[in-house]
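The block underneath contains the structure these notes are about, expressed in structure tokens.
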Amino acid sequence: MFEFQYKKNIQFLRGLSVIFVFLYHSNIPIFEKGYLGVDIFFVISGFVITQRIFQNYEIDKKISLKNFYLKRINRIIPNLFFIVGCTYVFYLLIGPPDLSLWNETLSSLFGVSNIYYIFDNISYFDNVFDNPLAHTWSLGVEEQFYLFYPLLIFLIFLSKKNRLLKLQIIFLLIFIISLFIFKIKLESNPSLAFFLSPLRFWELIFGGMIFVNLHRFKKNNIISIGSLLLIIFLIFSNYNYNYFYLNLIIVILSGFFITFFSKSKFIENSTFVYFGNISYSFYLWHLPILFFFDLYIVNDFYLDIFLSFFLTTILSIITYNYIEKKFRYLKFNEIKKIILLGTPIFLLLIVSLVYAKYYNNNIKENLRNFVHKVNYLNYKHDWNNRVPFNKLIYLDNKRIYDHCEDRSKNFTKNLDGLKIECLRQKNYKTLFFIEGDSHTAQFIPIFNELKTIENVYYKHSVYNISVDQVNQLSNKFSEIIYVTSIDNKEKLKIIGLNYPKFNKGIKYIFFKSTPYPENKYKPLKCLIQQIDCSIDKDKDYKKRSLDSLFNEIENFKIRNDKIFLFDSYNILCPEKKCVLYDKNKDLLFYRDATHLAVEGSATIAPKFNEFIQILQNK
């Protein structure tokens with residue numbers, strides 16, 4: 001009744017789906033729907049795993065959970081551990097040393113990265129281009145499904161009567177419930193809908209439903225090939241389809257292709273089939289390869305993608321032949337020996353690392369120092385002393401992000417109610433009261449450079465204006481200058497509402513917004529690749545509607561004679577091109593898409609000093 005033969009068309013579809021995902025992760029706009037390849041993969045996995053369970057049942061006349069789980073371990077774990085391990089080591093050696101891949105690696109190895117991304121409040125669509133292990137979330141979904149699914153079938157098959165009917169009913173119920181909750185959560189909690197495995201079970205169960213009912217349908221290549229072409233059309237289409245319905249249609253069309261396929265020399269040719277065979281290795285390798293290529297290689301964009309694809313394929317062939325195939329067909333006794341030997345070693349290694357990271361500061365510090373010494377970016381470009389934002393912003397010798405945030409607990413207040421760790425004070429003359437979020441904090445290096453400014457206080461806040469505190473301080477200091485940055489109209493509106501509440505003698509310095517790089521990591525990539533980089537001023541103005549914002553700021557200033565504007569934008573960008581990284585001077589102006597690097601901020605100090613002298617004369 002059931003079809004157990006090897007299906008080359010499924011291998012073709014498996015290979016095609018992983019290419020879709022690769023092209024999506026290549027960040028080519030035309031392939032922005034390539035992430036749907038994962039949904040196709042889920043359908044295939046559900047089909048294939050059901051086929052295996054039923055095939056083993058036909059042979060052994062029973063469902064052996066032990067054999068099932070051992071085979072899944074053989075199929076998934078060796079390759080996963082090897083490639084994730086290689087990625088982690090490469091990241092330590094040549095990745096940004098101020099960032100850690102520890103949590104991502106650990107969650108990937110234990111098959112829970114999808115859950116990690118839920119609790120860490122990370123969006124796949126925002127995070128995937130930053131994290132070489134972001135794609136392992138789908139493996140977490142599949143591994144969690146594999147824990148539940150065979151047990152479900154085993155329990156149903158304990159019954160002697162109407163097994164298939166009961167199985168069909170249970171499958172249908174799971175499909176409907178999972179799909180229904182998926183749709184609801186997409187609207188209220190998209191991250192949960194995307195990552196939580198039970199809300200993805202409908203796709204995997206659909207694959208199982210296809211296998212159980214495959215024999216009921218006549219083959220029809222017109223429907224099958226038509227479904228395939230429609231899948232390709234939808235993924236390449238630039239129309240903004242509703243995500244839920246597009247996802248559902250792709251899953252159904254994938255089922256049609258599998259169900260109605262008859263024969264095709266083109267689809268069943270050995271090259272496509274082999275690519276389907278190596279698709280698991282390809283999936284694991286592709287994102288780390290793209291990540292490191294994007295970080296280090298500066299060439300033609302499409303040549304980089306071709307080289308990434310080529311290298312991913314070569315590595316996939318190697319791991320498929322020397323890891324996947326070697327472990328997949330091991331006998332039970334061999335598997336048992338490996339598990340008995342490997343599990344204690346692996347757990348000992350993990351426990352040792354956890355102990356060093358969280359419980360022994362000496363070992364932790366020694367390990368960190370060792371990693372920093374061997375890390376290429378650190379010894380080549382002095383990365384840790386130039387790039388990390390919250391670790392490098394000081395006021396005198398005090399790191400403000402350790403003490404000055406609202407959530408900070410490590411501080412001491414003086415008699416004026418000011419945090420000593422956020423204060424430079426020599427007298428009770430002019431106090432520069434600096435308040436704002438990270439876009440204001442980025443200007444602290446200017447004040448740190450100018451030692452002639454005797455009294456400086458920084459208070460970290462987001463859209464809060466400390467009117468009462470500033471008014472109280474105005475009774476103690478001879479002059480208060482309230483300093484903040486204005487990056488958008490919402491911030492300007494909040495300042496406008498609070499401005500009348502300040503005491504009359506208070507003055508104000510507003511930093512204008514800085515230019516924004518188009519890409520979050522472009523400045524850092526320019527540093528790594530040692531190329532000059534810039535921003536197109538006209539494009540930035542147009543994209544962010546800066547003419548309107550700056551005009552409103554100027555009008556606000558005109559109406560209030562105590563306000564002074566520091567034009568940080570045009571000081572950083574006097575010409576049509578705004579420098580991100582100057583190769584000749586080895587000067588990094590930015591550390592991401594909206595923040596200046598410390599050395600970039602410090603370049604403004606001379607102009608700000610002139611500005612202060614003019615203000616004092618007034």
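Being a predicted model, the structure only gives us computed values, none of them experimental.
Put simply, the side chain of Glu599 never gets that close to the backbone of Leu587: no donor and acceptor are under 3.5 Å apart. The backbone N or O of Asp382 sits nowhere less than 3.5 Å from a side-chain atom of Asn378 that would complete a donor-acceptor pair. Within the 3.5 Å criterion, the main-chain N or O of Ala597 finds no donor-acceptor partner in the side chain of Ser601. No donor-acceptor pair closer than 3.5 Å links the side chain of Tyr590 to the backbone N or O of Leu524. Although no hydrogens or angles enter the test, the distance criterion places no donor-acceptor pair under 3.5 Å between the side chain of Lys557 and the main chain of Glu552. Although no hydrogens or angles enter the test, the distance criterion places a donor-acceptor pair under 3.5 Å between the side chain of Asn414 and the main chain of Gly417.
Defined by atom type and a distance below 3.5 Å, a donor-acceptor pair is present between the side-chain atoms of Thr484 and Lys491. Tyr482 and Glu435 are linked by a side-chain donor-acceptor pair at a separation below 3.5 angstrom, with hydrogens and angles left out of the test. With hydrogens and angles left out, the side-chain atoms of Thr440 and Tyr458 include no donor and acceptor closer than 3.5 Å. Between the side chains of His135 and His25, not a single donor N or O lies within less than 3.5 Å of an accepting N or O. Side-chain contact, Lys489 with Ser548: a donor N or O sits under 3.5 Å from an acceptor N or O. When only modelled atom types and interatomic distance are considered, Ser237 and Tyr241 share a side-chain donor-acceptor pair under 3.5 Å. Residues Thr136 and Ser113 bring a donor and an acceptor atom of their side chains to less than 3.5 Å of each other. A donor-acceptor contact closer than 3.5 angstrom is absent between the side chains of Tyr521 and Asp294. For Asp98 and Trp383, the side-chain atoms include at least one donor-acceptor pair closer than 3.5 Å. When only modelled atom types and interatomic distance are considered, Asp416 and Tyr428 share a side-chain donor-acceptor pair under 3.5 Å. Side chains of Ser485 and Asp487: a donor-acceptor N/O pair is present below 3.5 angstrom, by distance only.
In this structure, NE2 in His460 is found 6.0 Å from CG in Asp437, a value given to the nearest 0.5 Å.
Annotation for Lys429 and Asn455: closest pair N-ND2, 3.8 Å, computed over non-hydrogen atoms. The two residues Gly37 and Phe20 have their closest heavy-atom pair at CA-CB, 4.2 Å. The nearest pair of heavy atoms linking Ser474 to Asn503 is OG-ND2, 2.8 Å. Of all the heavy atoms in Phe566 and Phe611, the pair that sits closest is CD1-CG, 3.7 Å.
Taking 4.5 Å as the limit, every side-chain heavy atom of Cys422 sits out of range of all side-chain heavy atoms of Leu395. Asp538 places none of its side-chain heavy atoms less than 4.5 Å from the side chain of Lys543. You'll find the side chain of Arg200 stays beyond 4.5 Å of the side chain of Phe195, heavy atoms only. Looking at heavy atoms from C-beta onward, Leu93 lies out of side-chain contact with Asn375 at the 4.5 angstrom threshold. Residues Tyr88 and Ser108 form no side-chain contact, since every pair of their non-hydrogen atoms from C-beta on lies 4.5 Å or further apart. Looking at Leu549 and Leu546, their side chains come closer than 4.5 Å, going by heavy atoms from C-beta outward. Side-chain contact between Ile509 and Leu615 is present, with heavy atoms from C-beta onward closer than 4.5 Å. Using a 4.5 Å heavy-atom threshold, the side chains of Trp137 and Phe194 count as touching.
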Listing, residues 400-407 side-chain donor-acceptor contacts under 3.5 Å, not counting sequence neighbours, or none:
unit_1	atom_1	unit_2	atom_2	d
Asp402	OD2	Arg399	NE	2.9
Asp402	OD2	Arg399	NH2	3.2
His403	ND1	Asn410	O	2.6

Tell me which donor-acceptor pairs under 3.5 Å the side chains of residues 442-449 have, and how far apart each pair is, sequence neighbours excluded?
unit_1	atom_1	unit_2	atom_2	d
Gln442	OE1	Leu596	N	2.7
Gln442	NE2	His439	O	3.0
Asn448	OD1	Asp396	N	2.5

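For Phe608 and Phe511, the ring centers sit closer than 6.0 Å to each other. Aromatic ring centres of Phe309 and Phe22 lie closer together than 6.0 Å. Taking the centre of each ring, Tyr541 and Phe550 come in below the 6.0 Å mark.
Put simply, the residue from Phe502, Phe564, Phe556 that forms a ring pair (Phe, Tyr, Trp, His ring centres under 6.0 Å) with Tyr508 is Phe502.
The pair Glu454-Arg424 fails the salt-bridge criterion, with no side-chain N (NZ, NE, NH1 or NH2) lying under 4.0 Å from an Asp/Glu carboxylate O. Salt bridge absent: Arg559 and Glu554 never bring a charged side-chain N and a carboxylate O closer than 4.0 Å. Of the charged side-chain nitrogens involved, at least one lies within less than 4.0 Å of a carboxylate oxygen, so that Lys577 and Asp536 count as a salt-bridged pair.
Residues meeting the side-chain hydrogen bond (donor to acceptor under 3.5 Å, both in side chains) test with Arg591, sequence neighbours left out: none.
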Candidate pair Leu246 and Asn242, rule side-chain contact (heavy atoms from CB on, under 4.5 Å), full reasoning: CA-CA 6 Å; Leu246 178 61; Asn242 177 279; over 6 Å; no
